[in-house]
Amino acid sequence: QGQLVESGGGSVQSGGSLRLSCAASEHTFMSLCMAWFRQAPGKEREGVAGIGVWGRTVYADSVKGRFTISQDNAKNTVYLQMDSLKPEDTAMYYCAAASGSCFLPSIQRTSYTTWGQGTQVTVSS
């Protein structure tokens, strides 16, 4: 039911940092499992980071140690802190949410039913 709106994308050089935000319109939404995905032109959408109950997280191997997913229930917002960015991180980044039946973190597309419109991240060499 809640809407998802991403922000914080932009252009940075290799090694730089960005923090993406995903704002939800419903407070109850923050109790659901959420995740960040990304998609480059002509490529499949891939899971980047997921967060479930108790703040448990899961990351794609390609971003492990560089990206951090977190949430702030008071602000009804989920974040993706991206450090040590690489050109291969260039993509449209999407926020996604699962139903209330989800408790474990996941970066599988089939786990999610609600998607934002995306925010562009471009990393130059």
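- Heavy-atom minimum distance, C22 versus W36: CB-CZ2, 3.6 Å.
- Pairing each heavy atom of A40 with each of A91, the nearest pair is N-CB, 3.9 Å.
- Side-chain N/O atoms of D83 and S17 include a donor and acceptor closer than 3.5 Å.
- In this structure, CE in M92 is found 9.0 Å from CD in E6, a value given to the nearest 0.5 Å.
- Of the charged side-chain nitrogens involved, none lies within less than 4.0 Å of a carboxylate oxygen, so that K86 and D89 do not count as a salt-bridged pair.
- By the 4.5 Å heavy-atom criterion applied to side chains, Q71 and T77 are not counted as neighbours.
- Following chains of ILVMFWY side-chain contacts shorter than 4.5 Å, one can reach V121 starting from I69, so the two form part of one hydrophobic cluster.
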Quiz item: Can you check side chain to side chain contact (heavy atoms under 4.5 Å, CB included) on Y59 and I107, steps first, answer last?
Solution: CA-CA 7 Å; Y59 297 92; I107 52 172; over 6 Å; no
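- Separation of the F37 and W115 ring centroids falls under the 6.0 Å cut-off.
- Other residues, nucleotides and ligands contribute more than 12 heavy atoms inside 6.0 Å of the CD atom of Q39.
- With hydrogens and angles disregarded, a donor-acceptor distance shorter than 3.5 Å links the side chain of T90 to the backbone of V123.
- The two residues L80 and Y93 come nearest to each other via the heavy atoms CD2-CD2, 4.1 Å.
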| Yes or no on side chain to side chain contact (heavy atoms under 4.5 Å, CB included) for R38 and K43, after CA distance, side-chain angles and deciding distance? | CA-CA 9 Å; R38 66 187 182 187; K43 305 296 183 180; over 6 Å; no
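- Between the side chain of Q81 and the backbone N or O of F67 there is no donor-acceptor pair closer than 3.5 Å.
- Within 6.0 Å of CD on Q108 lie no more than 12 heavy atoms contributed by other residues, nucleotides or ligands.
- The two residues A35 and S106 have their closest heavy-atom pair at CB-O, 3.8 Å.
- Between M34 and Y112, the shortest heavy-atom contact is O-OH, 3.6 Å.
- Both L20 and L85 are members of a single hydrophobic cluster when ILVMFWY side chains are connected at heavy-atom separations under 4.5 Å.
- When all heavy atoms of S125 and P87 are compared, the closest pair comes out as OG-CG, 3.8 Å.
- In this structure, T122 contributes its side chain and S11 its backbone to no donor-acceptor pair below 3.5 Å.
- With hydrogens and angles disregarded, a donor-acceptor distance shorter than 3.5 Å links the side chain of R66 to the backbone of S84.
- Residues L4 and V78 share a hydrophobic cluster, clusters being chains of Ile/Leu/Val/Met/Phe/Trp/Tyr side chains in contact below 4.5 Å.
- The pair R109-E44 meets the salt-bridge criterion, with a side-chain N (NZ, NE, NH1 or NH2) lying under 4.0 Å from an Asp/Glu carboxylate O.
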* **Derivation of the side chain to side chain contact (heavy atoms under 4.5 Å, CB included) call for I51 and R56** => CA-CA 6 Å; I51 187 166; R56 298 201 299 272; over 6 Å; no
